[in-house]
Amino acid sequence: MANPQTENGYTRIANELLEQIMKHRLNGTQFRIVLAIWRYTYGFRRTEHSLPLSYLAMKIEASKGQTQKALDQLIQKKIITITEFDIKGGRKLGVNKNYEEWDSNETLVPAGIETKSVKPKKGAKKKVYDEDNTYYKMAVYFHNLVKIVAQEAGIEHLIARANLQTWADDFRKLVELEKVEKRLAKEVMDWVITDDFWRTNILSASTFRKQFAKLVLKMASQKKPSQPKKQTDSRDKDIEFQQWVAGGGDPNDFNWN
């Protein structure tokens, strides 16, 4: 028989936060994600923690796709925040304590009050990239490179809240729409952080994509080997001299230079 005791561990959560989360229309997966993040942050007396998607999905017993979709929705609602990325590209997640920033469009309303349902506008469905997706991996790879440059320049705050979903979509467009080979894209990523000018001017996947043509040309110009100067063969000059004399030229007027 189960017999949980606080002596075996417990999670301290402010009542104010619990009261606010009650008022939001979260689906089952979203609510379980919030509980999981509270468990592995406040449950260990910390406010944030690196939680890979696969680990989070395992803990709430949901598929990775289902977990990814629900997590992105919570991030969009500003209920869950991404504080930073660890060295492997994993996201450090936490619950936003400032509930006044939470998306209030879906809060519960008191019983008896009628509300008009608003149909969402039709539009293209936003693509979601999981952690195993190639474009997401490209985004993580480039973000880790850019993060090092930003830290060295003291501007890491500019990429602290980078949205890797958006970055992944830019890399997809670069490859699928603009027909850039992934190999070339990686080569330019590695090069751009070494260039004195571009390294602090390319801090996002969007800028990388927009400036890609210029970056490729600049990289190619730097890698192009310089042409060695042609060495003059003295025998060629002897032949010219003989031709000059045979043609009636004055030997003293021949230009040996």
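Residues take their numbers from the sequence shown, with the count starting at 1.
The salt bridge (charged side-chain N to carboxylate O under 4.0 Å, His left out) contacts involving residues 205-214 comprise D170-R209, E178-R209, where partners must be two or more places apart or lie in separate chains.
Listed by chain and number, the residues in a salt bridge (charged side-chain N to carboxylate O under 4.0 Å, His left out) with D196 amount to none (sequence neighbours excluded). Scored by the salt bridge (charged side-chain N to carboxylate O under 4.0 Å, His left out) test, E16 finds no partners at all (sequence neighbours excluded). Every residue meeting the ring pair (Phe, Tyr, Trp, His ring centres under 6.0 Å) condition with Y55, not counting sequence neighbours, appears here in chain and number order: Y40. Annotation: salt bridge (charged side-chain N to carboxylate O under 4.0 Å, His left out) contacts of R45 (sequence neighbours excluded): none. Scored by the side chain to side chain donor-acceptor pair (under 3.5 Å) test, Q5 finds N3 as partners (sequence neighbours excluded). Contacts of E100 classified as side chain to side chain donor-acceptor pair (under 3.5 Å), with partners at least two apart in sequence or in another chain: none. By the side chain to side chain contact (heavy atoms under 4.5 Å, CB included) test, R12 is found to be paired with Y10, residues two or more places apart in sequence or in another chain being considered. Under the ring pair (Phe, Tyr, Trp, His ring centres under 6.0 Å) criterion, Y129 pairs with no residue, sequence neighbours left out. Not counting sequence neighbours, the partners of E176 by the salt bridge (charged side-chain N to carboxylate O under 4.0 Å, His left out) test are R172. Considering only residues two or more places apart in sequence or on other chains, L18 meets the side chain to side chain contact (heavy atoms under 4.5 Å, CB included) condition with I13, N15, M22, W38.
In this structure, Q66 CD and I33 CD1 are separated by 8.5 Å, a value rounded to the nearest 0.5 Å. Once rounded to the nearest 0.5 Å, the distance linking CD of E61 with NZ of K59 reads 9.5 Å. Taken to the nearest 0.5 Å, the CZ atom of R32 stands 8.5 Å off from the CG atom of N27.
Between the side chain of T41 and the backbone N or O of I37 there is at least one donor-acceptor pair closer than 3.5 Å. Within the 3.5 Å criterion, the main-chain N or O of I21 finds no donor-acceptor partner in the side chain of W102. Between the N96 side chain and the K78 main chain, a donor and an acceptor come within less than 3.5 Å of each other.
Linking Ile, Leu, Val, Met, Phe, Trp and Tyr whenever their side-chain heavy atoms come within less than 4.5 Å puts L145 and L184 in one cluster. Placement of L51 and M58 within a single hydrophobic cluster is found when ILVMFWY residues are connected by side-chain heavy-atom separations under 4.5 Å, directly or transitively. Linking Ile, Leu, Val, Met, Phe, Trp and Tyr whenever their side-chain heavy atoms come within less than 4.5 Å puts F44 and V34 in one cluster.
With a 4.5 Å cut-off on side-chain heavy atoms, I155 and L203 count as touching. With contacts defined as side-chain heavy-atom distances shorter than 4.5 Å, the pair D130/Q68 qualifies. Contact check for N144 versus K147: side-chain heavy atoms found under the 4.5 Å cut-off. Looking only at side-chain heavy atoms (C-beta outward), Q73 and I79 stay at 4.5 Å or farther from each other. H24 places none of its side-chain heavy atoms less than 4.5 Å from the side chain of Q30.
Nearest heavy atoms, A168 versus Y135: O-CB, 3.5 Å. Residues T29 and A70 approach most closely at CG2-CB, 3.5 Å, considering heavy atoms. Listed here is the closest heavy atom pair of V146 and I202: CG2-O, 3.9 Å. Heavy-atom minimum distance, S54 versus E131: N-OE1, 4.3 Å. When all heavy atoms are compared, the tightest approach of H143 to I159 is NE2-O, 3.6 Å. Counting all heavy atoms, side chain and backbone alike, A185 lies closest to M138 at CB-CE, 4.0 Å.
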Using the side chain to side chain contact (heavy atoms under 4.5 Å, CB included) rule, take V95 and I80 through it: C-alpha gap first, then chi angles, then the decisive distance, then the call. CA-CA 5 Å; V95 175; I80 300 301; 3.8 Å; yes
Can you list the steps and then say if F171 with F208 is a side chain to side chain contact (heavy atoms under 4.5 Å, CB included)? CA-CA 9 Å; F171 281 115; F208 179 82; 3.9 Å; yes
Worked verdict on R161 versus T81 for side chain to side chain contact (heavy atoms under 4.5 Å, CB included): CA-CA 9 Å; R161 292 182 177 272; T81 59; 4.2 Å; yes
Show the numbers, then the answer: is there a side chain to side chain contact (heavy atoms under 4.5 Å, CB included) between L74 and L26? CA-CA 9 Å; L74 289 169; L26 301 181; 4.0 Å; yes
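E19 and K23 are not joined by a salt bridge, as no carboxylate oxygen comes within less than 4.0 angstrom of a charged side-chain nitrogen.
Other residues, nucleotides and ligands contribute at most 12 non-hydrogen atoms within 6.0 Å of the CZ atom of F31.
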Validation: residues 188-195 side-chain donor-acceptor distances under 3.5 Å, sequence neighbours left out:
residue	atom	partner	partner atom	Å
D190	OD1	Y141	OH	2.6
D190	OD2	K186	NZ	2.9
W191	NE1	Q222	OE1	2.9
T194	OG1	W191	O	2.5
D195	OD1	K218	NZ	3.3
D195	OD1	Q222	NE2	3.0
D195	OD2	F197	N	3.1
D195	OD2	W198	N	2.9

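No side-chain N or O of D169 forms a donor-acceptor pair with one of Q165 less than 3.5 Å apart.
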